[in-house]
Amino acid sequence: MRRVFVTLCVPLLLVAGCAPADPEPADAPPPDGRQAAFEERATQIAAAWQPGPTWRDGYIPLQEPAMTVGDPGFTPDTQAAFRAGWYRDQIPLPTDQPEDGTIQFPSGTLTVPLVSAAEAYRELDRGDPPACDGRPTNPATPPAPADGPDTGVSTAPQTACIPLTVTAVELDSVPVRTSRGEAAVPAWLFTIDELTAPVARLAVAPTAVGEPPEPTAPTAPLPQELVGALDLRAVDDATLTVRVGIGACDTGLTPLVYEQDDVVVVGGAVTRSTGVCTEQLLLEPVTVQLTAPLGERTVLDVLGGGPLRLTTG
């Protein structure tokens, strides 16, 4: 099975804030009051999580449908093109719908209809890149010199604002985080001339793709000393990397976790600043160690109670 490193764009507002002196160590255990408040809310969230039969019997992906397969060897420009969805095809893309495919879950299989390579490409390609001032639209063409007697030819390397070039496509499968754990899911793999690894677009037809249910969060607001989680950044057996949202002047960030047989609830505890501070949100990655491998368990956010999506890269 091919390994997938998913790269996509998540908007962040990262602003340097005030940093109080002698901050609490990031790995310090939270005071008993914060731990108790977290566990009380996590217990409520776990009890309210009743997603229905589709969560365990259907196909509900918990990551984006486009991803890179292996190390793509990104440059700043090719990464920008990937995140923006800028592509151009240099081959005829098959329009025939393939036969039904099989999703392999840890505890079973599911037969699903698939889309054609042409349809997958239409979903992958989100338009053309804008013009870049002073840079060519064709990487083989140097920029035209400006008018004027003192104009010289620049020897600095030029980078084109161009889409990624598709030169081949094949149907395969890739590992995807789903509501039923990590599954091998059919995907169209596009060979990209500018990258060292293919770009995959999941091939499951929209009619077979389920949506996560609306979470039921506790009616009480999140205690001031607790913070919620935005997404999963990595899953490695019993080790999770999670991004949590903290204030610019918060200190002593400590990851918190609550485990049950079917769900894991994650969040964090912080020490709030008592002084004046700007109102910015920082997204900070933290490592959470579970007592057992995550397996097919769902990871829920302690703030809103919903499932976290895998957004690595």
Side-chain angles (χ1 to χ4, degrees), residues 12 14 17-51 62 177 179 181 212-275 277 279-312:
L12 305 181
L14 303 182
C18 49
D22 300 322
E24 183 179 337
D27 58 353
D32 291 343
R34 296 190 295 176
Q35 180 71 44
F38 172 81
E39 291 187 0
E40 179 181 0
R41 187 177 179 92
T43 301
Q44 296 172 3
I45 286 175
W49 180 246
Q50 303 293 333
L62 294 179
R177 188 77 197 164
S179 61
E214 289 294 327
T216 302
T219 55
L222 188 71
Q224 184 182 13
E225 64 273 17
L226 299 182
V227 293
L230 173 74
D231 56 16
L232 281 171
R233 299 295 286 174
V235 177
D236 183 11
D237 198 31
T239 303
L240 309 181
T241 302
V242 181
R243 283 196 305 179
V244 297
I246 67 173
C249 298
D250 293 342
T251 58
L253 172 58
T254 305
L256 298 174
V257 60
Y258 173 84
E259 300 186 57
Q260 287 191 348
D261 291 340
D262 58 340
V263 297
V264 171
V265 183
V266 294
V270 296
T271 299
R272 300 294 189 184
S273 171
T274 57
C277 187
E279 294 185 2
Q280 271 81 38
L281 178 67
L282 304 181
L283 303 181
E284 292 290 336
V286 295
T287 299
V288 175
Q289 191 65 42
L290 307 180
T291 59
L294 179 62
E296 298 182 44
R297 291 185 291 174
T298 302
V299 183
L300 303 176
D301 164 38
V302 74
L303 173 58
L308 297 184
R309 297 174 65 88
L310 183 64
T311 59
T312 59

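This one's a predicted model, so the numbers in the text were calculated from it and none came from an experiment.
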Next on the checklist: I'd like to know whether T271 forms a side-chain contact (heavy atoms from CB on, under 4.5 Å) with E225, so could you lay out the CA-CA distance, the side-chain angles of the two residues, the decisive distance to 0.1 Å, and finally the verdict.
Outcome noted: CA-CA 6 Å; T271 299; E225 64 273 17; over 6 Å; no
Checklist entry - Of all heavy-atom pairs between P255 and V286, which one has the smallest distance, and what is that distance? => result CB-CG2, 3.8 Å
List the atom pairs, donor and acceptor, that lie under 3.5 Å between side-chain atoms in residues 259-269 and the rest of the protein, sequence neighbours left out.
residue : atom : partner : partner atom : Å
E259    : OE1  : T291    : OG1          : 3.2
E259    : OE1  : R297    : NH1          : 3.0
E259    : OE1  : R297    : NH2          : 3.3
E259    : OE2  : T291    : N            : 2.8
E259    : OE2  : T291    : OG1          : 3.2
Q260    : NE2  : Y258    : OH           : 2.9

Checklist entry - Looking only at heavy atoms, what is the nearest atom pair of G305 and W49, with distance? => result O-CE3, 4.1 Å
Item to check | Whether R41 side chain and V302 backbone form a donor-acceptor pair below 3.5 Å | outcome: yes
Checklist entry - Are any non-hydrogen side-chain atoms of P223 and F38 less than 4.5 angstrom apart? => result no
Next on the checklist: Ignoring hydrogens, what is the shortest heavy-atom contact between R272 and L226? Give both atom names and the distance.
Outcome noted: NH2-O, 3.4 Å
Item to check | Distance (rounded to the nearest 0.5 Å) between L232 CG and L240 CG | outcome: 6.0 Å
Checklist entry - For A229, does its backbone N or O pair with a side-chain atom of D301 as donor and acceptor, under 3.5 Å? => result yes
Item to check | Taking every non-hydrogen atom, the tightest pair across P215 and G304 | outcome: CB-O, 3.6 Å
Checklist entry - How many angstroms lie between CG in L62 and CZ in R177, if you round to the nearest 0.5 Å? => result 7.5 Å
Checklist entry - How many angstroms lie between CG in L230 and CG in L303, if you round to the nearest 0.5 Å? => result 10.5 Å
Checklist entry - For V227 and E284, what are the C-alpha separation, side-chain angles and deciding distance, and is it a side-chain contact (heavy atoms from CB on, under 4.5 Å)? => result CA-CA 11 Å; V227 293; E284 292 290 336; over 6 Å; no
Checklist entry - If you draw a 6.0 Å radius around CD in Q289, do more than 12 non-hydrogen atoms from other residues or ligands fall strictly inside? => result yes
Checklist entry - What is the distance from atom CG of L310 to atom CZ of R233, rounded to the nearest 0.5 Å? => result 8.5 Å
Checklist outcome for this item: The side chain to side chain contact (heavy atoms under 4.5 Å, CB included) partners of T287 (sequence neighbours excluded) come to T239, T241
Checklist entry - Does T298 have any side-chain hydrogen bond (donor to acceptor under 3.5 Å, both in side chains) partners at least two apart in sequence or in another chain, and if so, which? => result W55
